[in-house]
Visitor: 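Provided herewith is a single structure, encoded as structure tokens, for subsequent inquiry.
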Protein chains: 2
Amino acid sequence: MSARTSPASAQSAAAPPFLTEPVEDYLKAIYELETRTGAAATTDVANALQVAPASVTGMIRRLAAQGLLDHVPYRGVQLTEMGRRAALRTIRRHRILETYLTQVLGYAWDRVHDEAERLEHAASDDLIERMSAALGHPTVDPHGAPIPTADGTVDERNHRTIADLTVGETVRMLRVSDKDPELLRYLAEIAMQPGVSITLLQRAPFDGPLTLRVGSGEQVVGSTLAAQVLVESLPVPEASASDAGSPSTRPRSARKSSR
Amino acid sequence: MSARTSPASAQSAAAPPFLTEPVEDYLKAIYELETRTGAAATTDVANALQVAPASVTGMIRRLAAQGLLDHVPYRGVQLTEMGRRAALRTIRRHRILETYLTQVLGYAWDRVHDEAERLEHAASDDLIERMSAALGHPTVDPHGAPIPTADGTVDERNHRTIADLTVGETVRMLRVSDKDPELLRYLAEIAMQPGVSITLLQRAPFDGPLTLRVGSGEQVVGSTLAAQVLVESLPVPEASASDAGSPSTRPRSARKSSR
DNA sequence: TGAAATATTTAGGGCGTGCTAAAATCACGC
DNA sequence: GCGTGATTTTAGCACGCCCTAAATATTTCA
């Protein structure tokens, strides 16, 4: 693609030409690492994308040259504003696609990730907005992840997990990663889906299994699983009655806008 | 992509790894040239794909090596059975996508080609079949092109065009290419869509404009446009009355299966 | 029939993305 | 404060797909 004389091309712009598929994948991965751990190390990116570290270094050089991120050698990378916007654009597409696939086309929630992963690079903005409209402009995807708006804002808070609960506490399930189909299938089996109410009934010592009330059923789950399920304290814990931990634990609204 | 150790990968297979996006585009283009003109010349493929002829030679070499087509140097190419199946798979996706975009997501028929062109490479078989099912398994796309079945059969007949009509003849519009948005917009303006009834009222000499009855309106169109609109003789031309050309002009059902 | 026009292929590159192996740098514990 | 292991980068290469220029084959027509 060195010197093509691309003719007129299209009307419903797909993506700026420099946002190739691999580039979008890198930006997305870096964005996710950055928001989770504050910075993205070469090795982490390599793991996330299943690519050799040396390949990451190479790509990072190109992305930095294009102004999509800043790179301090041996120190990791940080997205620029432009890079962040591009990443959020891809994430928006991904999540709207996942929502559309489950709600309109009947996909199971453990099957949408791979499909969305491919479509997110091919769909035009127009298509994404049409899907969003058809869904009534949803704000979360089927796994509970917030959908960035078209102008690039997301409600990206750090939530607690089931593993963080104190015994007796009741919360609402918010979210789980979309990346592990097996986990998702299992969660569906035990009726753990975003929105369901969860109470920690009992916690075995030494990182042992947790006994939960999930909706109207009772389940015993391992601590690994528990650590992957994000939850939110119930807004008003039913006036009077039990006095659990902190009633007003609404975490500060980290709007994740500029930096 | 030389020696990746791809891990486990997926469940809802996207496409065999050797069917890259450019490869699918080449096969599709070659298939279309082949069915229209019997064989595909290097230059024609180059024109169809907006690529230099030398690039076509190079790609053809690779495709022949993979057994997707046969190449006699200086003589053009022909798809093998494998190549033909791959081409029809892509065409099926393209046409189902176009149908879905117009019927479900409200796209105008002149906007679907580009979008489908990109999505056809990314959608899984599963997604395509779900869309097809949601549409009630349509057999033609919005432009009247037949949709190949999943097992690779198409009803690919050679139809007449408006330019072939004799004055006074009435036919049903069948199909028009999806590739020229301007043409499609204009056709929509004058209410020429697949299914509409068309009568040739008058033909100006020297390749001049044609006067048509289109549905209930009257239109004058140029011969270039006329040559691009495929039509079909009416099954039973209304017992008695006018005696137009050949009543049983159902062209031999060229099922286009093996060769 | 033979030369000009046209079509096709070869030769020689470029760029993007990936890999391995080896070198450079960093980080940490003794 | 320094060695050692982990991390990161550099070096060198492969492959897919595209390009231009030049060579070669085919076709056409005077």
Side-chain angles (χ1 to χ4, degrees), chain A residues 1-7 9 15-30 33 37-78 86 118 121, chain B residues 1-7 9 15-30 33 37-78 86 118 121:
Chain A
M1 196 143 301
S2 47
R4 287 285 300 285
T5 8
S6 79
S9 84
F18 47 88
L19 288 185
T20 64
E21 211 166 303
V23 165
E24 289 188 339
D25 288 339
Y26 273 87
L27 293 177
K28 201 167 50 142
I30 291 168
L33 289 168
T37 68
T42 301
T43 315
D44 297 343
V45 177
N47 284 339
L49 297 175
Q50 294 283 20
V51 138
S55 304
V56 174
T57 301
M59 177 62 99
I60 278 174
R61 185 196 314 296
R62 284 192 294 275
L63 297 182
Q66 293 183 236
L68 290 162
L69 47 76
D70 294 321
H71 180 214
V72 184
Y74 293 99
R75 275 292 141 65
V77 297
Q78 243 178 350
R118 277 177 279 107
H121 306 297
Chain B
M1 193 145 299
S2 48
R4 290 283 302 285
T5 8
S6 80
S9 85
F18 47 87
L19 288 185
T20 65
E21 212 167 301
V23 166
E24 289 188 339
D25 288 339
Y26 273 85
L27 293 177
K28 199 167 50 141
I30 291 168
L33 289 167
T37 69
T42 303
T43 314
D44 296 343
V45 177
N47 284 338
L49 296 175
Q50 294 284 19
V51 137
S55 305
V56 174
T57 300
M59 177 62 99
I60 278 174
R61 185 196 315 295
R62 284 191 293 276
L63 297 182
Q66 293 183 231
L68 290 162
L69 48 76
D70 294 321
H71 180 214
V72 185
Y74 292 98
R75 274 292 140 68
V77 297
Q78 244 178 350
R118 276 176 279 105
H121 305 297

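So you know, we letter chains A, B, ... as the sequences are listed, proteins then strands, and number each from 1. This structure is a prediction, so every number in the text was calculated from the model and none was measured.
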Visitor: Counting only side-chain N and O atoms of S55(A), is one of them less than 4.0 Å from OP1 or OP2 of dC19(C)?
Guide: yes
Visitor: With a non-hydrogen cut-off below 4.0 angstrom, is F18(A) in contact with a base, only sugar-phosphate, or nothing?
Guide: nothing
Visitor: Minimum heavy-atom separation for Q78(B) to G38(B), with atom names?
Guide: NE2-O, 4.2 Å
Visitor: Can you identify which nucleotide, out of dC19(D), dT10(D), dC17(D), has its nearest atom closest to the P22(B) side chain?
Guide: dC17(D)
Visitor: Tell me which of G58(B) and M59(A) sits closer to the 5' end of DNA chain C, going by the nucleotide each one is nearest to.
Guide: G58(B)
Visitor: To the nearest Å, how far apart are Y26(B) OH and dG16(D) P?
Guide: 14 Å
Visitor: Let me know the distance between NE2 of H121(A) and C1' of dT17(C), rounded to the nearest Å.
Guide: 14 Å
Visitor: Listed in order of residue number, which residues of residues 60-77 of chain B have a non-hydrogen atom at under 4.0 Å from DNA chain D?
Guide: R62(B), Y74(B), R75(B)
Visitor: Checking T20(A) now: which residues fulfil side-chain contact (heavy atoms from CB on, under 4.5 Å) with it, not counting sequence neighbours?
Guide: P22(A), V23(A)
Visitor: Looking at dG16(D), I'd like to know if its phosphate oxygens (OP1 or OP2) sit under 4.0 Å from a side-chain N or O belonging to T20(B).
Guide: no
Visitor: For I30(B) and V77(B): C-alpha separation, side-chain torsions, deciding distance, then whether side chain to side chain contact (heavy atoms under 4.5 Å, CB included) applies.
Guide: CA-CA 8 Å; I30(B) 291 168; V77(B) 297; 3.9 Å; yes
Visitor: Among dC19(D), dT10(C), dT17(C), which is the nearest nucleotide to the side chain of A52(B)?
Guide: dC19(D)
Visitor: Can you identify which nucleotide, out of dT10(C), dC19(C), dC17(D), has its nearest atom closest to the T57(B) side chain?
Guide: dT10(C)
Visitor: Do E21(B) and H121(B) have a side chain donor and acceptor closer than 3.5 Å?
Guide: no
Visitor: How many angstroms lie between CD1 in I60(A) and CG in D70(A), if you round to the nearest 0.5 Å?
Guide: 11.5 Å
Visitor: Could you tell me which residues satisfy side-chain contact (heavy atoms from CB on, under 4.5 Å) with A86(B), sequence neighbours excluded, listed by chain and number?
Guide: L19(B), L27(B)
Visitor: Between P on dG16(C) and CD on E21(B), what's the gap in Å once rounded to a whole number?
Guide: 17 Å
Visitor: Just to confirm, is there a sub-4.0 Å distance from OP1 or OP2 of dT9(D) to any side-chain nitrogen or oxygen of T42(A)?
Guide: yes
Visitor: Y26(A) vs V51(A), test: side chain to side chain contact (heavy atoms under 4.5 Å, CB included). Steps then yes/no.
Guide: CA-CA 11 Å; Y26(A) 273 87; V51(A) 138; 3.6 Å; yes
Visitor: Given dA11(C), dT9(D), dT8(C), identify the nucleotide with an atom nearest to the side chain of T43(B).
Guide: dT8(C)
